[in-house]
Protein chains: 2
Amino acid sequence: MDRATEMMIFVRCVEEGSFSAAARAMDMTPSAVSKQIRRLEDRLGARLFNRTTRRINLTDVGRDFYERCARIIAEIEEAEEVVSSLQDTVRGTLRVAATAAFARGEILPRINAFLERYPDLSLEMQLTDRMLDLVEQGIDVAVMLQEQVTDPSLVARKLANNRRIVVASPDYVARHGEPKTPEDLYRHNCLSLYNVSRFNDWEFEMPDGRRQVIHVQGNFRANTAGALYEACLVGVGLARLSAWMVAPRLRDGSLVELLPDYVQEVTAYYVLFPQGRHMSRKVRAFVDFLVEQFTPVPPWEQDESLMLRGYQRSGEPA
Amino acid sequence: MDRATEMMIFVRCVEEGSFSAAARAMDMTPSAVSKQIRRLEDRLGARLFNRTTRRINLTDVGRDFYERCARIIAEIEEAEEVVSSLQDTVRGTLRVAATAAFARGEILPRINAFLERYPDLSLEMQLTDRMLDLVEQGIDVAVMLQEQVTDPSLVARKLANNRRIVVASPDYVARHGEPKTPEDLYRHNCLSLYNVSRFNDWEFEMPDGRRQVIHVQGNFRANTAGALYEACLVGVGLARLSAWMVAPRLRDGSLVELLPDYVQEVTAYYVLFPQGRHMSRKVRAFVDFLVEQFTPVPPWEQDESLMLRGYQRSGEPA
DNA sequence: TATCATTTGTGCCTGATTTTCAAAGATCGG
DNA sequence: CCGATCTTTGAAAATCAGGCACAAATGATA
């Protein structure tokens with residue numbers, strides 16, 4: 001049933017003009033070659049070589065078959081070479097799925113460096129906050145929060161801690177005061193998500209190690225963190241937002257961090273890709289790029305004493 | 001190392017959209033399919049399918065490889081089909097080698113019936129009296145005398161006895177008398193070949209069963225039997241010639257048979273072709289045609305009481 | 001919601017296929 | 001005429017592929 005090998009041996013015999021020479025060239029024994037040719041002839045029901053005990057000579061049928069075999073083998077080798085080449089070079093199309101806000105805020109601003117590094121690669125970026133089936137959708141790489149990772153056929157590599165910070169605008173703090181303990185939050189207007197109730201349970205680790213969960217409430221709710229961010233900026237209330245999202249505002253003072261001495265729960269962004277023996281170079285290239293960008297210290301945690309302090313307190317590089 | 005089977009299974013998996021479905025379609029177990037795909041991926045060093053435990057989906061690389069595989073498999077099947085078709089139909093070129101005189105006298109006059117029977121076949125007829133290497137020369141079929149058959153890789157099928165007859169022209173007999181015993185030949189002018197000395201040892205079987213060899217001599221020698229034939233016709237002397245060559249002249253009386261009661265050595269024409277498991281249809285067709293033409297009774301032995309008598313005495317059909 | 005059937009993947013084992021080894025038959029070159 | 005080389009074959013050995021059983025996971029279904 002081994003068509004291709006038979007054909008390759010046959011072609012080699014034709015080109016070497018001898019079973020023995022072909023056997024030497026292919027590091028086989030002459031008898032193995034002889035038997036392969038015999039099998040091929042038996043399967044085809046036709047004689048390919050006329051033989052004496054000393055010489056072989058192509059039949060007409062054999063000559064025709066040789067032409068075809070030579071072409072077929074070349075195509076097989078080309079096909080396999082193309083696969084290996086596609087595998088070993090970064091080209092083609094890479095399909096990436098990422099959570100919308102994080103991609104807009106942190107990935108896309110840096111994506112040009114990646115594309116310039118690999119001019120033969122094109123990128124398809126799908127922004128979504130829904131969990132999706134990578135295999136079904138033909139997604140090569142996904143970037144999402146830890147809790148969304150369920151698929152066991154995927155490899156998850158940690159990109160960056162997603163530190164949550166409770167913030168408010170200086171204006172709000174001036175008007176309502178600054179909470180000193182988590183319990184104080186009950187007396188503040190806490191902006192919340194109405195579609196992820198879990199997001200509204202703010203967990204703090206007390207200085208003595210105990211954990212405390214505050215179920216916050218307020219008069220403004222939205223369905224995305226981005227909406228809370230905007231509301232917070234204009235002084236509507238307190239919000240618990242990702243560090244990367246509020247870092248610039250903390251720097252320029254348009255938001256201030258509250259309860260800095262209480263460690264909050266830390267999740268992380270992960271990069272996901274299909275596990276398996278054979279990881280394509282383009283996937284590896286993108287994963288490497290992301291890791292390079294966001295580890296050991298993610299960009300929003302850099303350059304600012306305030307940020308560094310917060311970062312070192314709440315997490316360490318992957 | 002079984003490229004083609006791997007590729008066929010891969011293609012089937014793509015088309016069925018599932019390992020299990022492909023396995024059912026190809027009458028295999030799913031695990032066998034899974035392993036083949038795994039082997040293929042390992043050899044290529046690339047992932048062809050993304051899988052969950054429940055679904056598979058082509059990768060980009062896999063899609064490219066599939067296109068190529070589908071084409072390659074079609075070509076493999078076409079190549080094998082063409083071989084079988086060439087094998088099973090009588091077409092192409094048939095290369096025949098034959099002894100010159102017999103071919104001109106007995107084969108070529110009948111060859112048109114053969115060519116008309118197989119309109120897709122073309123014939124290359126090489127007339128030669130030298131023994132040649134069928135394999136080396138790419139000859140499909142050879143027709144020659146028994147004694148020229150030495151190659152053990154050939155099958156020899158007997159076509160017709162080659163009865164030898166001593167003849168002379170009536171004119172010569174009238175002038176020199178008719179020999180009554182083999183010994184009488186020593187007193188006659190016997191035409192001989194100068195290149196095949198063996199041909200000049202005329203062997204007779206006496207009525208009592210003893211064998212007698214007469215080494216003939218005369219004043220005319222030539223290098224072909226055809227030349228002796230022409231000389232004999234014009235009354236130069238006695239010649240020992242093949243029955244097929246002199247039969248028309250015996251019928252029309254321009255030659256007469258001498259020593260008819262002495263059985264002479266009988267050789268035979270054989271049709272030779274490469275032995276082996278797989279005999280091509282065109283070779284078989286030609287061999288069948290020759291056998292049909294020359295057996296059980298060769299044409300020159302037919303229709304004439306004289307001929308039949310001589311034939312029945314000196315040989316029997318193969 | 002819980003059970004069931006289906007799908008992919010893996011480990012082990014058996015059986016078949018293939019290779020190797022040894023030798024024969026045959027031919028070519030010196 | 002002898003030695004070297006080439007094809008082929010038969011038997012033994014080794015490799016390889018497939019089957020089975022099972023696990024993990026998922027979608028369908030009651």
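Note that these values count all heavy atoms, side chains included, but never hydrogens, waters or copies made by symmetry. Just so we're on the same page: letters track the sequence lines, and every chain starts at 1. Only a predicted model underlies this, so the values are computations on that prediction, with no experimental measurement involved.
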Salt-bridge criterion met for A/Arg39 and A/Asp42 (N-O under 4.0 Å):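 No, this pair does not count.
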Between B/Glu16 and B/Arg24, is the closest basic N to carboxylate O distance under 4.0 Å?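 No salt bridge links B/Arg24 with B/Glu16.
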For D/dA25, does either OP1 or OP2 sit under 4.0 Å from a side-chain N or O belonging to B/Arg55?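 Checking B/Arg55 against D/dA25: no side-chain N or O falls below 4.0 Å of OP1 or OP2.
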Which nucleotide sits closest to the side chain of [X]: [options]?
X       : options               : result
B/Ser31 : D/dC20, D/dC6, D/dT8  : D/dC20
A/Ser18 : D/dC6, D/dG19, D/dT8  : D/dC6
B/Ser34 : C/dT10, C/dT19, D/dT7 : C/dT10

With the criterion being N/O to N/O and under 3.5 Å, what pairs connect the protein with nucleotides 1-5 of chain D, and how long is each?
unit_1: D/dT5; atom_1: O2; unit_2: A/Arg54; atom_2: NH1; d: 2.3

Can you measure [X] atom [atom1] to [N] atom [atom2] for me and round it to whole angstrom units?
X       : N      : atom1 : atom2 : answer
B/Met26 : D/dG18 : CE    : P     : 10 Å
B/Asn50 : C/dT8  : CG    : C1'   : 13 Å
A/Asn57 : D/dT7  : CG    : C1'   : 14 Å
A/Arg39 : C/dA16 : CZ    : P     : 16 Å

Determine whether the aromatic ring centres of A/Tyr269 and A/Phe102 lie less than 6.0 Å apart.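 Yes, ring centres under 6.0 Å apart.
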Between N or O atoms, less than 3.5 Å apart, protein on one side and nucleotides 11-13 of chain D on the other: list the pairs.
unit_1: D/dA11; atom_1: N6; unit_2: A/Lys35; atom_2: NZ; d: 3.0

If you draw a 6.0 Å radius around CD in B/Glu15, do more than 12 non-hydrogen atoms from other residues or ligands fall strictly inside?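 Atom CD in B/Glu15 is crowded, with more than 12 foreign heavy atoms closer than 6.0 Å.
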Is there a salt bridge (charged side-chain N to carboxylate O under 4.0 Å, His left out) between B/Glu78 and A/Arg71 once you walk through the steps? CA-CA 12 Å; B/Glu78 184 192 343; A/Arg71 188 170 61 247; 5.9 Å; no
Taking only residues two or more places apart in sequence, or in another chain, which ones meet B/Tyr66 in a ring-ring contact (aromatic ring centres under 6.0 Å, His included)?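 Applying ring-ring contact (aromatic ring centres under 6.0 Å, His included) to B/Tyr66 gives none.
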